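Here the structure is a predicted model, which is why all the values come from computation and not from measurement.
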Amino acid sequence: MSDGRLVSQGSQWGHVAIDVGGTLYSRAHGGYDVKPRSAYLRANSFRDTVGLVLRASPADVSAIRAELRRRVALNDPYDLLGNSCSTNVADVLEIIGLLAHDPRFQWDASRRTAVSPKEVLLTVSRSSRVLARNFYPKTE
Amino acid sequence: MRSLLLVFALGITLSACSDAPRGRWDVVAPIDVYADNDDVAPVAFSLAPGDICALGEQWSYQKVFRFKRVTCSKGEGWILTDTEFRYISDSN
């Protein structure tokens, strides 16, 4: 979860990406960006980032990776409410049974909508799957 | 006097919007240059140590990353970080 930036093209509430085995999957406006973790963090060194390390079985990892690759290939249009950086991360984490959004604040109970980056961070932080919390401070 | 002030204000505004790459910068580490200031823009070309470029001063903040404009002998594009460049001089 990276901090928000007021003057930006859509990162006012921050940004969420998901790291699977050292590869960052990050939903942007124009599609998915997929980068090695080191390159992603270096390019985001202008803002603070928090990383949660999660306990996951090999089957969990495979399921998440497969779903992310499917979404990368599908390349559905970005939608702030239903297909944002946060909803994508929440969707794939919930495939393995990890609650990643606050169900009390759903505009539409039938869909996972309007999830915010900080909501993902706060909700996932409470999971018993969290093994470590890494902080990547901005360096400039 | 009034029109002079208007011209002056317009000049200030235009110069604030302009971010043409300037100066002479030496590439000290490999870096990819993207085709556009877009989070999912493809890599246009790569720079290697020893390449010379001119750099913009402003960052363009997008959803995921920020970008800075560069002009090099290999072409023009956008970079994600500028720590791979060493300042040489003001002249291009």
Side-chain angles (χ1 to χ4, degrees), chain A residues 1-19 23-49 68 71-80 83-89 116-117 136 138-140, chain B residues 12-19 21-23 25-49 51 53 55-72 74-87:
Chain A
M1 215 304 276
S2 297
D3 208 357
R5 183 177 169 84
L6 185 60
V7 181
S8 66
Q9 297 288 330
S11 206
Q12 283 77 7
W13 282 269
H15 182 69
V16 183
I18 185 164
D19 180 338
T23 299
L24 258 293
Y25 295 81
S26 177
R27 176 68 219 205
H29 291 152
Y32 261 95
D33 176 74
V34 182
K35 273 189 176 49
R37 179 193 304 152
S38 58
Y40 177 89
L41 289 172
R42 196 165 57 247
N44 263 286
S45 61
F46 62 90
R47 55 181 170 179
D48 292 331
T49 295
L68 286 166
R71 288 170 182 243
V72 170
L74 197 60
N75 199 24
D76 273 347
Y78 184 90
D79 173 8
L80 182 62
N83 192 24
S84 69
C85 63
S86 307
T87 62
N88 273 269
V89 171
S116 74
Y136 307 96
K138 65 178 179 181
T139 56
E140 46 189 279
Chain B
I12 293 284
T13 305
L14 289 176
S15 66
C17 292
S18 170
D19 187 32
R22 294 188 306 173
W25 298 75
D26 184 20
V27 177
V28 295
I31 181 171
D32 289 333
V33 179
Y34 294 86
D36 201 358
N37 60 341
D38 184 305
D39 292 322
V40 293
V43 173
F45 56 93
S46 297
L47 296 169
D51 286 336
C53 298
L55 264 62
E57 290 185 3
Q58 309 293 325
W59 289 101
S60 166
Y61 290 86
Q62 303 300 313
K63 170 77 177 123
V64 185
F65 304 117
R66 65 177 183 174
F67 295 83
K68 181 177 276 194
R69 190 189 292 270
V70 292
T71 301
C72 314
K74 291 179 176 175
E76 296 180 8
W78 299 81
I79 51 173
L80 295 173
T81 55
D82 63 0
T83 52
E84 295 83 357
F85 295 83
R86 183 174 55 91
Y87 173 75

| field | Trace of the side-chain contact (heavy atoms from CB on, under 4.5 Å) decision for B:Lys63 with A:Gln9 | value | CA-CA 5 Å; B:Lys63 170 77 177 123; A:Gln9 297 288 330; 5.8 Å; no

| query | More than 12 heavy atoms of other residues, nucleotides or ligands under 6.0 Å from CG of A:Leu6: is that the case? | reply | no

| message | Heavy-atom count check: over 12 atoms from other residues, nucleotides or ligands less than 6.0 Å from B:Trp59 CH2? | response | yes

| query | If you round to the nearest 0.5 Å, how far is CG of B:Leu80 from CZ of A:Phe46? | reply | 9.5 Å

| 4.5 Å side-chain heavy-atom contact, B:Phe65 and A:Lys35 | yes

Return a table of donor-acceptor pairs under 3.5 angstrom between the side chains of residues 25-32 of chain A and protein atoms on other chains or two or more places apart.
from: A:Ser26; atom 1: OG; to: A:His15; atom 2: NE2; distance (Å): 2.6
from: A:Arg27; atom 1: NH1; to: A:Asp76; atom 2: O; distance (Å): 2.9
from: A:Arg27; atom 1: NH2; to: A:Asp76; atom 2: O; distance (Å): 3.1
from: A:Tyr32; atom 1: OH; to: A:Asn88; atom 2: OD1; distance (Å): 2.6

| Option in B:Val64, B:Thr81, B:Asp39, B:Val40 with maximal non-hydrogen atom pairs under 4.5 Å from chain A | B:Val64

| message | At a 4.5 Å cut-off on heavy atoms, which part of A:Arg42 comes close to chain B: side chain, backbone, both, or neither? | response | both

